[in-house]
Amino acid sequence: MKQKILDLRDQALASIKQVKSVEHLKELEVSLLGKKGQLTAMLKGLKELSEADRRVVGKMANDLKQELAQTLVEKEQGLKRKASQSLGQEFYDTSLPGRTEPYGHLHPITQFIREIEDTFLSLNFEVAEGPQIEDDYHNFTALNIPKDHPARDMQDTLWCKDIPYLLRTHTSCVQVRYMESHDAPIRVVVPGRVFRKDDVDATHSPMFHQFEGIMVDTTTNLSHLKGILTIALRRLVNNPQLELRFRSGFFPFVEPGLEVDVTCVGCEGKGCNICKKTGWLELLGCGMVHPYVLKTVGLDPEKYQGFAFGAGIERLLMIKHKINDIRLFYENDPRFLEQF
Ligand code: DAH
């Protein structure tokens, strides 16, 4: 009898160990400890033993009953834990929307160029482009910046090696190209990349973007320039209260030349650190197209007159969104780009 109990123990523990599901475990429990189970049958057989044997074997059988009951509980817990873990891995909620790849979007500068184009198209301007690799004539000479003129130093130029070309230092050269190939009246805006031999810091980059505008007709004058710029800039920075201040400034291709300041976004004109307490931020250069330029492209300065302006795109975006470092535009950090 003792040996039978020991054998049953070995066999029962081995079976419990192998069970893979709670269902089978329950079946095993019934076959061991149930009313008609193996151990129950053994306990029933105790009657036939002598008093002394019954006590010893009875204790063994009862101990085994407890041990098996305990082992069964632990095994059940183990199986359930495993089941819930694999559920966690495989389970998915079919009511959730599908997972998609994150979408990208246009770079903030590209977006802004499109806004500039839309704005000027709505003012009856055309949109034009020109080459980024330019010749000396279009970038300088035709714009009344002759060789050895100190105005050339206003923009440090990146020259091509061995060939007489340069990376355009401004979009103003497209004024010349456009007027060479189009008759007046002219209304055109030109966004694009420009290049200068600048060191990189919070406000400088050797590559940046500008947009140039030019309008030429028989009576085009400074009040048109003021009106067009005010409408366009207010719309582009999304601020109908934006004020423009025109100061005289020098650019060889315009006469008179003007610089335009706009209300500081930091303080709305009250004076703060951004505007060095002036309430104004310098934004762009403009003026009435110099008769020399008109003559050079074949337009009669006695008949035609017009205005031109050129502005930095990054600069305007930085003013619009209070961005304090131009490098953010070129680092392509999603944390920055996602905000646009
Ligand atoms: N080209 C000038 C620059 O890059 C900006 C500029 C000034 C453009 C006056 C103009 C203008 O058309 O009239 O600094």
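The basis for the numbers below is simple: all heavy atoms, side chains too, and nothing from hydrogens, waters or symmetry mates. Start at 1 and go down the list; that is how both ligands and their atoms are numbered.
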Checklist entry - Around atom OH of Tyr165, are there more than 12 heavy atoms of other residues, nucleotides or ligands at under 6.0 Å? => result no
Checklist outcome for this item: Here the atoms of ligand 1 under 4.0 Å from any heavy atom belonging to Gln210 are 3 (C), 4 (O)
Checklist entry - Which atoms of ligand 1 are found less than 4.0 Å from any heavy atom of Gln175? => result 12 (O)
Item to check | Thr203 and Arg315: side chain donor to acceptor below 3.5 Å | outcome: no
Checklist entry - Which atoms of ligand 1 are found less than 4.0 Å from any heavy atom of Val254? => result 13 (O)
Checklist entry - Relative to the heavy atoms of Gly287, which atoms of ligand 1 are at a distance of less than 4.0 Å? => result 13 (O)
Checklist outcome for this item: In ligand 1, the atoms that come under 4.0 Å of a heavy atom of Ser172 are 1 (N), 8 (C)
Item to check | Where ligand 1 meets Arg196 - atom numbers and elements under 4.0 angstrom, heavy-atom basis | outcome: 3 (C), 4 (O), 14 (O)
Checklist entry - Among the heavy atoms of Phe253, does any lie under 4.0 Å from an atom of ligand 1? => result yes
Checklist entry - Near Ala308, which atoms of ligand 1 are under 4.0 Å from a heavy atom of that residue? => result 12 (O), 13 (O)
Checklist entry - Does the pair Asp118/Arg114 count as a salt bridge with the N-to-O cut at 4.0 Å? => result no
Checklist entry - Less than 4.0 Å between a side-chain N and a carboxylate O, is that true for Lys80 and Glu76? => result yes
Next on the checklist: Less than 4.0 angstrom from a charged side-chain N to a carboxylate O is my criterion; do Asp333 and Arg335 meet it?
Outcome noted: yes
Item to check | Short N-O contact, Arg9 and Glu67, less than 4.0 angstrom | outcome: yes
Item to check | For Phe309, the ligand 1 atoms whose distance to one of its heavy atoms is below 4.0 Å | outcome: 8 (C), 10 (C), 12 (O)
Checklist entry - Should Asp135 and Arg177 count as an ion pair when the cut-off is N to O under 4.0 Å? => result yes
